[in-house]
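Reviewing the structure listed below.
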Protein chains: 2
Amino acid sequence: MQQRRGGNGGRVTISEVAERAGVSTATVSRVLSGRGQVSAEMRRRVQHAADALGYQVNSIARALRNSRTDTVGMVVPSITNPFFTSLVESVEHALGRDGKELFLCDAQSDPRVEARRLASLAARNVDGIIVSPSHGTESGPAVQETADRLPLVQLDRFVGGTDTDWVGVDDIAAMRQVIDHLHAGGARSAAFAGSRLTNSSSEQRLEGFRRRAADLGMAVRDEWILLGDYSVEWGEAAVAALAAAPGGPPDAIVCADDLIALGVTRACRAHRIDVPGRVQVTGFDNIEFARLGEPALTTVDQPRDRIAAEAVRLLAAAAGDAAPGPRAHIALVPRLVVRDSTRAGGPE
Amino acid sequence: MQQRRGGNGGRVTISEVAERAGVSTATVSRVLSGRGQVSAEMRRRVQHAADALGYQVNSIARALRNSRTDTVGMVVPSITNPFFTSLVESVEHALGRDGKELFLCDAQSDPRVEARRLASLAARNVDGIIVSPSHGTESGPAVQETADRLPLVQLDRFVGGTDTDWVGVDDIAAMRQVIDHLHAGGARSAAFAGSRLTNSSSEQRLEGFRRRAADLGMAVRDEWILLGDYSVEWGEAAVAALAAAPGGPPDAIVCADDLIALGVTRACRAHRIDVPGRVQVTGFDNIEFARLGEPALTTVDQPRDRIAAEAVRLLAAAAGDAAPGPRAHIALVPRLVVRDSTRAGGPE
DNA sequence: ATGAAAGCGCTAACAT
DNA sequence: ATGTTAGCGCTTTCAT
């Protein structure tokens with residue numbers, strides 16, 4: 001076992017390797033970083049010495065020198081939200097193909113924490129930042145400041161008043177599919193359970209819901225627009241409110257994400273409201289647990305791998321350019337996944 | 001808006017601040033890092049210049065100089081497993097109190113990926129590493145090598161043949177509680193649905209299950225020990241196997257984690273096996289979704305905040321010491337959470 | 001109290 | 001093809 005020494009953690013440096021191999025540090029560097037011309041013999045000797053000494057690069061030193069870290073930072077609103085973790089997984093895969101690593105931070109749904117995380121990622125010289133802003137307006141300043149310093153792309157959510165790349169889904173189009181499906185299943189009135197309008201997903205989804213419901217002449221009462229947060233608890237609370245109202249709940253409850261929908265279906269069971277018989281319910285995101293609900297959730301599947309790939313591509317492009325180039329806003333159209341919480345069968 | 005320049009991302013350095021304030025870089029450093037004696041006047045001037053220029057430390061440079069990064073690395077087997085994400089959340093909180101940040105990596109349940117992540121964390125000079133090893137034996141070499149270089153504590157899972165600190169739960173004691181509860185509910189035979197024995201949690205939990213079931217004279221047939229992976233799918237598959245066997249499933253199915261248990265209860269619904277009437281089911285971890293199962297899961301609640309706090313404490317202690325000191329293995333006794341997937345009511 | 005200067009480990013001109 | 005050397009941005013002796 002190796003003994004820990006010095007402030008360095010007892011790390012072997014290239015000069016030790018150089019000394020042992022009887023060459024200069026430059027040669028060692030050339031061999032180990034694989035750049036420049038070195039003879040086979042030198043290469044062998046250096047490699048041997050490095051192995052014998054158990055040399056590992058110090059990427060801090062390398063980063064200082066290169067001002068590149070091969071690391072991308074990512075900030076998500078909540079690491080316990082399964083949608084974001086699967087998005088993280090997709091991003092990691094996309095990054096892996098470029099030999100980059102991910103430095104993940106949790107904003108704890110708090111713009112102040114988020115601002116700290118962004119600053120600290122910038123201080124650590126990450127090569128780029130992927131952020132899903134936790135707040136629709138308050139996240140703005142920190143996101144913009146960060147974007148002014150290094151490549152940044154917003155993912156899924158978007159914060160107003162910022163000028164950056166963005167990749168996400170077309171919430172309006174998604175909601176159109178949802179409402180059409182519900183309507184085909186016989187729904188003539190609908191409620192919306194979302195989060196307080198502090199982020200773009202929620203806003204856009206509500207907007208899409210309103211628009212298409214109006215198009216189809218579906219009844220949407222003001223007291224059926226229920227805004228809380230992205231959580232199971234909130235879904236449960238929403239049903240309690242809906243059930244208590246005179247006339248009972250509408251024909252459908254459209255949820256802004258699957259967590260809420262899971263809470264809604266659970267509460268419906270508790271309140272003995274048949275789903276989808278009495279009320280149809282839809283989610284959004286298609287997290288793994290969506291299919292486990294009772295009944296399994298009809299929901300909108302987000303193309304996470306594609307979203308992640310586009311984000312990584314934009315970042316790489318931005319890193320290459322000297323000048324900031326024009327911004328891209330990429331909205332992918334998601335797909336409706338029909339399960340058992342809605343009455344299947346369209347017009348045909 | 002600021003323009004990006006140079007290889008540096010156009011960052012302001014202390015020499016620019018020094019020049020503007022008309023002082024030396026040493027003074028700037030003293031002011032900004034809050035160390036050393038500086039007159040109030042100087043402090044003011046430097047602070048002013050730094051603000052005007054929008055100075056932010058370059059933590060790469062600082063880290064190279066200090067060989068300290070105030071960052072802790074964490075590696076988990078799977079970032080999509082809700083148990084690990086909530087553990088991450090707890091660790092972040094604990095770290096936040098020390099002003100440290102977390103660099104989170106996903107091992108994708110693959111010891112080779114895990115080894116790469118560990119090496120890369122070490123290369124980035126994190127101050128310590130918290131790892132939940134993905135494999136019971138194959139994770140060994142990489143974990144030990146890393147532990148030889150810097151403070152490391154294993155969390156939750158433990159890999160054999162390593163000499164490091166560890167914090168987790170007492171799986172044997174936990175299983176004892178589970179089996180006693182099941183037995184009190186009338187179970188006289190039991191199956192175990194876990195993961196292949198490639199990690200300590202699974203091994204220990206099976207061991208605890210076997211021991212206590214034997215103590216109480218519960219029937220445990222070999223074909224009732226079902227080992228797959230920690231996933232909902234595996235839980236579903238396990239029930240299919242159990243239901244197909246002559247005589248049908250045993251009185252209880254003990255699961256090594258909640259994901260498996262969620263799959264088990266779901267499959268029981270599909271197979272019209274009443275839970276807890278015909279079969280009692282238990283989970284492990286108490287993830288958020290455990291209470292959402294149908295029926296809600298009886299499970300073992302892991303004291304995540306406590307586990308995280310102990311881990312951070314051990315890391316801090318190790319960072320302080322020059323010599324490696326004796327190892328600590330801290331096993332916390334978890335608490336059984338009784339819900340609807342078991343027949344409640346103990347002996348009394 | 002302040003400044004000059006060395007150096008953390010690495011890489012890339014620039015020599016040879 | 002290989003070596004010499006000058007820094008990347010910061011902190012910290014050591015002088016003054």
Side-chain angles (χ1 to χ4, degrees), chain A residues 5-47 49-50 53-70 122-125 127 149, chain B residues 5-47 49-50 53-70 120 122-127 149:
Chain A
R5 322 149 256 171
N8 184 22
R11 290 263 290 265
V12 180
T13 71
I14 55 166
S15 23
E16 300 176 56
V17 175
E19 192 177 358
R20 168 134 182 173
V23 299
S24 75
T25 59
T27 303
V28 174
S29 173
R30 282 191 269 259
V31 171
L32 297 170
S33 61
R35 270 191 276 264
Q37 303 302 312
V38 203
S39 73
E41 162 60 10
M42 277 290 143
R43 191 175 300 281
R44 208 194 48 74
R45 258 165 64 194
V46 169
Q47 209 43 271
L53 261 30
Y55 172 84
Q56 284 181 244
V57 286
N58 179 335
S59 32
I60 294 286
R62 175 177 283 178
L64 178 61
R65 174 64 223 222
N66 291 346
S67 51
R68 259 197 37 218
T69 51
D70 288 323
R124 272 156 224 265
N125 294 15
D127 298 342
R149 318 193 98 277
Chain B
R5 315 151 263 170
N8 183 26
R11 291 264 291 265
V12 180
T13 71
I14 55 167
S15 22
E16 301 177 53
V17 175
E19 191 177 0
R20 169 140 184 165
V23 300
S24 74
T25 60
T27 303
V28 175
S29 173
R30 282 192 268 258
V31 171
L32 297 170
S33 61
R35 271 188 278 265
Q37 304 300 311
V38 204
S39 70
E41 162 60 8
M42 277 289 144
R43 192 174 299 281
R44 207 194 47 72
R45 260 166 60 196
V46 169
Q47 208 44 269
L53 262 28
Y55 173 83
Q56 284 181 244
V57 285
N58 178 334
S59 32
I60 295 285
R62 176 177 281 180
L64 179 60
R65 173 64 221 219
N66 291 345
S67 52
R68 259 198 38 219
T69 52
D70 287 323
S120 129
R124 289 180 152 79
N125 293 12
V126 293
D127 297 344
R149 318 191 101 279

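Chain naming here is simple, since letters A, B, ... match the order of the sequence lines and numbering starts at 1 in each.
In this structure, B:Q37 atom CD and D:dT12 atom C1' are separated by 14 Å, rounded to whole Å. When rounded to the nearest whole Å, the span between CD of A:Q56 and P of C:dC10 equals 11 Å. Across the protein-nucleic acid pair, B:R45 atom CZ and C:dA1 atom P stand 16 Å apart, rounded to whole Å. What separates CZ of B:R11 from P of D:dC10 is a distance of 8 Å, to the nearest Å. When the P atom of D:dT11 is taken as reference, atom CG of A:L64 falls 12 Å away, rounded to whole Å. When rounded to the nearest whole Å, the span between OH of A:Y55 and C1' of C:dC10 equals 7 Å. Summarising the geometry, the separation between CD1 on B:I14 and C1' on C:dG7 is reported as 14 Å, rounded to the nearest angstrom. The separation between B:I60 atom CD1 and D:dT11 atom P is 13 Å, rounded to whole Å.
Residues B:A49 and B:A21 come closest through the heavy atom pair CB-CB, 3.9 Å. Across every non-hydrogen atom of B:N125 and A:R11, the tightest pair is OD1-NH1, 3.1 Å. Nearest heavy atom pair, residue B:L32 against residue B:Y55, reads CD1-CE2, 3.6 Å. The two residues B:V28 and B:V17 make their nearest non-hydrogen contact at CG1-CG1, 3.9 Å. Between B:V23 and B:R45 the shortest heavy-atom distance is CG1-NH2, 3.7 Å.
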- Derivation of the side chain to side chain contact (heavy atoms under 4.5 Å, CB included) call for A:R124 and B:R124: CA-CA 10 Å; A:R124 272 156 224 265; B:R124 289 180 152 79; over 6 Å; no
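Set against C:dA5, C:dC10, C:dC8, the side chain of A:R65 has C:dC10 as its closest nucleotide. Distances were taken from every side-chain heavy atom of B:S24 (C-beta onward) to each of C:dG3, D:dA1, C:dA1; the shortest belongs to C:dG3. Among D:dT2, C:dT11, D:dG3, the nucleotide with an atom closest to any side-chain atom of A:M42 is D:dT2.
Within residues 28-35 of chain A, the residues that place at least one heavy atom under 4.0 Å from DNA chain D are, in residue-number order, A:R30.
Regarding contacts with the backbone of C:dT2, every side-chain N or O of B:T27 stays at 4.0 angstrom or more from both OP1 and OP2. The side chain of A:S39 contributes an N or O atom lying less than 4.0 Å from OP1 or OP2 of D:dT2. For D:dG9, neither phosphate oxygen OP1 nor OP2 lies less than 4.0 angstrom from any side-chain nitrogen or oxygen of B:T13.
For the pair A:T25 and B:V23, nearest-nucleotide mapping onto DNA chain C gives the more 5' position to B:V23.
Formation of a donor-acceptor pair under 3.5 Å by the A:R62 side chain with backbone atoms of A:R68 is not found in this model. Proximity of a side-chain donor or acceptor of B:T69 to a complementary backbone N or O of B:A63 within less than 3.5 Å is not detected. A:T25 places no side-chain N or O within donor-acceptor distance of the main-chain N or O of A:I14, the cut-off being under 3.5 Å.
Each end of the helix from C:dA1-D:dT16 to C:dT16-D:dA1 gets its own rotation axis from five pairs of C1' atoms, and the angle between them is 40° to the nearest 10 degrees.
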